[in-house]
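All ligand and atom numbering here is 1-based and tracks the order in the structure.
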Amino acid sequence: MKLLVTGGAGFIGSHLVRSVLADRVPGLEGARVTVLDKLTYAGNLANLGPVAESARLDFVPGDVADAPLVDTVLRGVDAIVHAAAESHVDRSILAAGDFAVTNVIGTQVLLDAALRHGTPRFLQVSTDEVYGSIRTGTWTERSPVAPNSPYAATKAAADLLALAYHRTHGLPVVVTRCGNNYGPHQHPEKLIPRFVTNLLRGRSVPLYGDGGQVRDWVHVDDHCRGLALALTEGKPGEVYHIGGSTELTNRELTGRLLELLGAGDERIEHVTDRKGHDFRYALDDDRIRQELGYRPRIAFEDGLAATVAWYRDNEPWWRPSVVD
Ligand code: NAD
């Protein structure tokens, strides 16, 4: 099996690559992995450090929107996990151009190449943010997309394109949508790493608005197991939600981080809320649990403590990209 992981030097992609090359992913044992990554500010080759010497890894620096390059890279590929994206909502509010090019055009370029090469499997890695915001209840895979941020709009567009290539051309596409991920190797611009690295540096943590927004947290290892299940056993043309089961307000999450780092509430700095900030995301993930046997394994308390410990132990990794 030859697997192409786009965005494999980022947070989630690199976790999947390390797991596959360590043969920790059922169904993908022995797979060879090609990583295609542009190494934007969010990509970091150090994320692949532990597997850099693996004879089963091939790293190709480059852009998913570069059609001739993608055409070459796709030769002989059995399955694509498309995780490359511009992924930070705040950046998409400031400037959405890169989001449209990478997330939408990049996906279309990959889909076209997969079609030409007859690639047997295409996994589009997506997010609960495509649905917008929900006060109560949960979204199912049949809920309509209604994205609010430019980031979410480009992800929704990419998902719809991917599903259209299945319906129109029969391309064996599967789409996954997951909640907020956390774990090691996440860029310090994202909430948990940002707060942890601020606290480790003796700084305050910038909490948006009243901190009442609700998010469902999924450990990146659980997400990757869900991705692998959807890739190997998911039904083409279908969407699968990957949920976590730990819903917290940002204020509650901040409280847990302060506690883990031995800091008090005086370290919270309330800052102007994000424009158009979605109040709550919530996925019904019954389908992947019932049909593919998925279960999240990492208890949030354990995963969060281990994540904090990882950042405490890996300052050389985060220091160059820390956000002030
Ligand atoms: P990330 O920002 O950490 O990593 C993105 C990677 O993509 C980086 O290595 C970057 O260099 C690469 N990249 C960016 N533009 C590229 C381009 N044009 N060509 C090739 N490579 C490019 O993101 P992440 O958090 O690992 O997210 C991965 C995927 O998972 C994204 O599609 C994202 O939408 C989705 N997702 C993320 C979360 C989350 O909480 N982080 C939740 C659900 C879904």
Side-chain angles (χ1 to χ4, degrees), residues 4-18 34-48 59-67 69-70 73 80-92 97-110 113 123-131 147 149-159 162 175-194 215-224 226-227 230 239-244 253 278 281 283 285 307 317-318 321:
L4 171 67
V5 181
T6 69
F11 166 47
I12 295 168
S14 72
H15 192 93
L16 181 68
V17 172
R18 292 192 305 274
T34 298
V35 168
L36 173 62
D37 197 297
K38 190 180 173 184
L39 294 177
T40 67
Y41 78 95
N44 188 344
L45 270 184
N47 292 343
L48 296 173
F59 180 81
V60 180
D63 194 329
V64 288
D66 178 344
L69 174 68
V70 166
V73 169
I80 301 170
V81 177
H82 178 33
E86 287 291 337
S87 68
H88 191 39
V89 174
D90 287 343
R91 286 179 187 259
S92 79
D98 288 348
F99 288 74
V101 174
T102 289
N103 300 1
V104 185
I105 306 293
T107 302
Q108 174 255 316
V109 165
L110 272 170
L123 182 74
Q124 161 70 4
V125 180
S126 191
T127 163
D128 55 4
E129 303 195 27
V130 297
Y131 296 114
S149 73
Y151 161 67
T154 58
K155 291 298 293 186
D159 293 6
V175 175
T176 54
R177 294 181 177 142
C178 187
N180 274 37
N181 279 220
Y182 73 100
H185 300 269
Q186 188 172 28
H187 193 279
E189 70 185 354
K190 301 284 169 56
L191 193 154
I192 289 179
R194 181 157 189 205
R215 300 291 182 261
D216 182 25
W217 291 94
V218 182
H219 193 278
V220 63
D221 197 64
D222 284 328
H223 185 190
C224 287
L227 292 178
V239 176
Y240 294 88
H241 289 169
I242 302 172
L253 173 63
D278 288 334
Y281 306 128
L283 295 174
D285 67 353
T307 301
W317 181 90
W318 55 260
S321 43

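A salt bridge does not link R177 to E129: none of the charged nitrogens lies less than 4.0 Å from a carboxylate oxygen. Ion pairing of D66 with K38 is absent here, as no side-chain N (NZ or NE/NH1/NH2) approaches a carboxylate O to less than 4.0 Å.
Closest heavy-atom approach to atom 28 (C) of ligand 1 among the candidates A83, A42, S87, G179: A83. In this comparison of G7, A84, A85, the heavy atom closest to atom 14 (C) of ligand 1 sits on A85. The nearest non-hydrogen atom to atom 12 (C) of ligand 1, considering only D37, V220, N44, comes from D37.
Near V125, meaning under 4.0 Å from one of its heavy atoms, ligand 1 places the atoms 30 (O), 32 (O). Each of the atoms 40 (O) of ligand 1 lies under 4.0 Å from some heavy atom of N180. Less than 4.0 angstrom separates some heavy atom of T102 from each of these atoms of ligand 1: 15 (N), 16 (C), 17 (C), 18 (N). The distance from ligand 1 to the heavy atoms of G43 drops below 4.0 Å at these ligand atoms: 8 (C), 9 (O), 10 (C), 11 (O).
Using a 4.0 Å heavy-atom cutoff, Y151 is listed among the residues neighbouring ligand 1.
For the pair R215 and Y182, the cation-pi test (distance below 6.0 Å, angle within 45°) is failed.
Contacts of A65 with ligand 1, taken as heavy-atom pairs under 4.0 Å, are absent altogether. In H187, neither the side chain nor the backbone holds a heavy atom less than 4.0 Å from any atom of ligand 1. Residue contacts with ligand 1, taken as heavy atom pairs separated by less than 4.0 Å, do not involve F99 at all. With a 4.0 Å cut-off on non-hydrogen atoms, L39 touches ligand 1 through its backbone and not its side chain.
At least one side-chain heavy atom of W217 sits under 4.5 Å from a side-chain heavy atom of I192.
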